[in-house]
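Whatever order the structure lists them in is the order used to number ligands and atoms, beginning at 1. For reference, positions follow the sequence shown, starting with 1.
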Amino acid sequence: MELQFFKYQGTGNDFVIIDNRQGRFPKNDTQLVAHLCDRRFGVGADGLILLENDPSTDFKMVYFNADGAEGSMCGNGGRCLVAFAHFLGVIGNETTFNAVDGLHHATIDGDMVKLKMVDVAEVREKPNYSFLDTGSPHHVQLVEDLEHFNVPKEGAKLRYGIYGKPGSNINFVEQSTDDTFQVRTYERGVENETLSCGTGVTAVAIAMHQSGKTESKVVKVKTPGGNLTISFEQQDDAYTNVFLQGPAIQVFKGVISC
Ligand SMILES: N[C@H](CCC[C@H](N)C(=O)O)C(=O)O
């Protein structure tokens, strides 16, 4: 079988994207998805995304982690898929699409995609960390000297230690200024550090606001792969109108035989 694919990246979080509007992609073939995401034997990516038809919105997003299993929401992947739908001519500069965690609205301005994320009703605050769900589960923990922190090792320890088999993504954070944070993320499903995680930086922004580290409702995050901006409104413990904004870029396209 030959498969046409596109490769996108959003702040260094990279994805194989396939136009599956004809419905031909074998979605249950976990090994095939893992193979396409393999950086040595396949194309190489943190995840694989299918663009599919949706009866009530512009398109449907189906996301798989690099291990081949269908994942929860992916913020950077969602932004990349919006750029891809725009590239295909499926949408103009604005869209509403369906994903595993519900409807998402997004706007495009050049390479920049601004994606509306799910509302967050609860931030669980523990003495050393926060836990919240921004479409995917996220552990948020402040550390010192983030640059030299062993993210793969400490991330794996917490991912399996606290959260067990279902797991969580683990974000390590260092505050830079009143409204700016540096973040490195260990991603479940990749089981390693990625260069950026969209639902992760969104979780960081909300957790830092909830714990009083920032009063700003527009939070800037620096990841190893680039910069993202998160904005939101807040009432009591609930966060609404949550937006994630940053670049989403097509890197190359190709055909892989598998
Ligand atoms: N990289 C993604 C998160 C993927 C979530 C996945 N690792 C899981 O929890 O299943 C993002 O930009 O939001």
Side-chain angles (χ1 to χ4, degrees), residues 7-17 27 30 33-34 37 39 44-50 61-84 97 99-102 104 106 112-120 131-140 151-152 155-156 158-160 162-173 181 183-207 219 221-230 232 239 242-249:
K7 181 73 193 294
Y8 274 74
Q9 62 89 7
T11 51
N13 202 190
D14 63 341
F15 308 98
V16 169
I17 300 189
K27 283 193 260 194
T30 309
V33 175
C37 293
R39 296 191 186 279
D46 294 329
L48 181 141
I49 312 170
L50 302 176
M61 169 178 178
V62 181
Y63 177 75
F64 302 87
N65 278 316
D67 65 6
E70 197 168 343
S72 38
M73 182 54 185
C74 177
N76 286 329
R79 295 188 311 95
C80 286
L81 196 63
V82 168
F84 181 57
F97 67 94
V100 65
D101 63 343
H104 288 266
M112 298 297 273
V113 178
K114 186 172 176 179
L115 175 65
K116 188 163 189 273
M117 310 296 284
V118 285
D119 293 348
V120 173
F131 177 81
L132 63 159
D133 197 309
T134 51
S136 282
H138 284 279
H139 172 111
V140 176
V151 171
L158 293 166
R159 177 257 192 265
Y160 293 104
I162 303 182
Y163 301 100
K165 195 159 183 267
S168 173
N169 301 284
I170 312 286
N171 303 273
F172 298 105
V173 188
F181 297 85
V183 177
R184 291 174 61 193
T185 304
Y186 175 98
E187 262 192 54
R188 121 184 128 160
V190 180
E191 304 311 335
N192 207 341
E193 181 178 9
T194 56
L195 291 185
S196 167
C197 179
T199 48
V201 298
T202 305
V204 167
I206 290 174
V219 174
V221 172
K222 296 184 175 170
T223 72
N227 301 335
L228 290 154
T229 304
I230 302 94
F232 48 79
Y239 288 79
V242 181
F243 288 94
L244 170 69
Q245 185 175 4
I249 314 279

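Residue contact check: Ser72 has heavy atoms under 4.0 Å from atoms 8 (C), 9 (O), 10 (O) of ligand 1. Below 4.0 Å from some heavy atom of Thr199 lie the following atoms of ligand 1, by number and element: 3 (C), 11 (C), 12 (O), 13 (O). Which parts of ligand 1 touch Asn13 is read off a 4.0 Å heavy-atom cut-off, strictly below it: atoms 1 (N), 2 (C), 11 (C), 12 (O). Close approach of ligand 1 to Ser136 (heavy-atom distance below 4.0 Å) involves ligand atoms 5 (C), 8 (C), 9 (O).
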Should Arg39 and Asp46 be marked as a side-chain contact (heavy atoms from CB on, under 4.5 Å) after you check the CA-CA gap, both sets of side-chain angles, and the distance that decides it?
CA-CA 9 Å; Arg39 296 191 186 279; Asp46 294 329; 2.9 Å; yes
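Considering only non-hydrogen protein atoms, atom 8 (C) of ligand 1 sits nearest to Arg188 NE, 3.4 Å. The protein atom (non-hydrogen) at minimum distance from atom 2 (C) of ligand 1 is Cys74 SG, 3.0 Å. Distance from atom 4 (C) of ligand 1 to its nearest protein heavy atom, with residue and atom name: Glu187 OE1, 3.5 Å. Closest protein heavy atom to atom 10 (O) of ligand 1: Asn65 ND2, 2.9 Å.
Heavy atoms of Gly189 come nearer than 4.0 angstrom to ligand 1 in no pair at all.
We find that Glu191 and Arg159 are joined by a salt bridge, their nearest charged nitrogen and carboxylate oxygen being less than 4.0 Å apart.
Residue Asn169 touches ligand 1 through its side chain alone, judged by heavy-atom distances below 4.0 Å.
Side-chain atoms of Leu115 and Phe97, non-hydrogen and from C-beta on, do get closer than 4.5 Å to each other. Considering only heavy atoms from C-beta on, Thr11 comes within 4.5 Å of Arg79 through its side chain. Contact annotation: the side chain of Glu187 never approaches that of Ser136 to less than 4.5 Å [non-hydrogen atoms, C-beta and beyond].
Expressed to the nearest 0.5 Å, how far CG of Asn65 lies from SG of Cys74 amounts to 8.0 Å.
Residue-to-ligand polar distances keep Ser196 apart from ligand 1: every N/O pair is separated by 3.5 Å or more. Considering backbone and side-chain N/O atoms, Gly198 comes within less than 3.5 Å of an N/O atom of ligand 1. Polar contact check, Asn76 against ligand 1: a nitrogen or oxygen pair lies under 3.5 Å apart.
Across Asn76 and Ser196, no two heavy atoms sit closer than the pair ND2-OG, 3.1 Å.
Side chain of His138 to main chain of Leu132: no donor-acceptor pair is present (N/O by atom type, distance under 3.5 Å, no hydrogens or angles).
A donor-acceptor pair shorter than 3.5 Å cannot be found between the side chains of Thr202 and Thr134.
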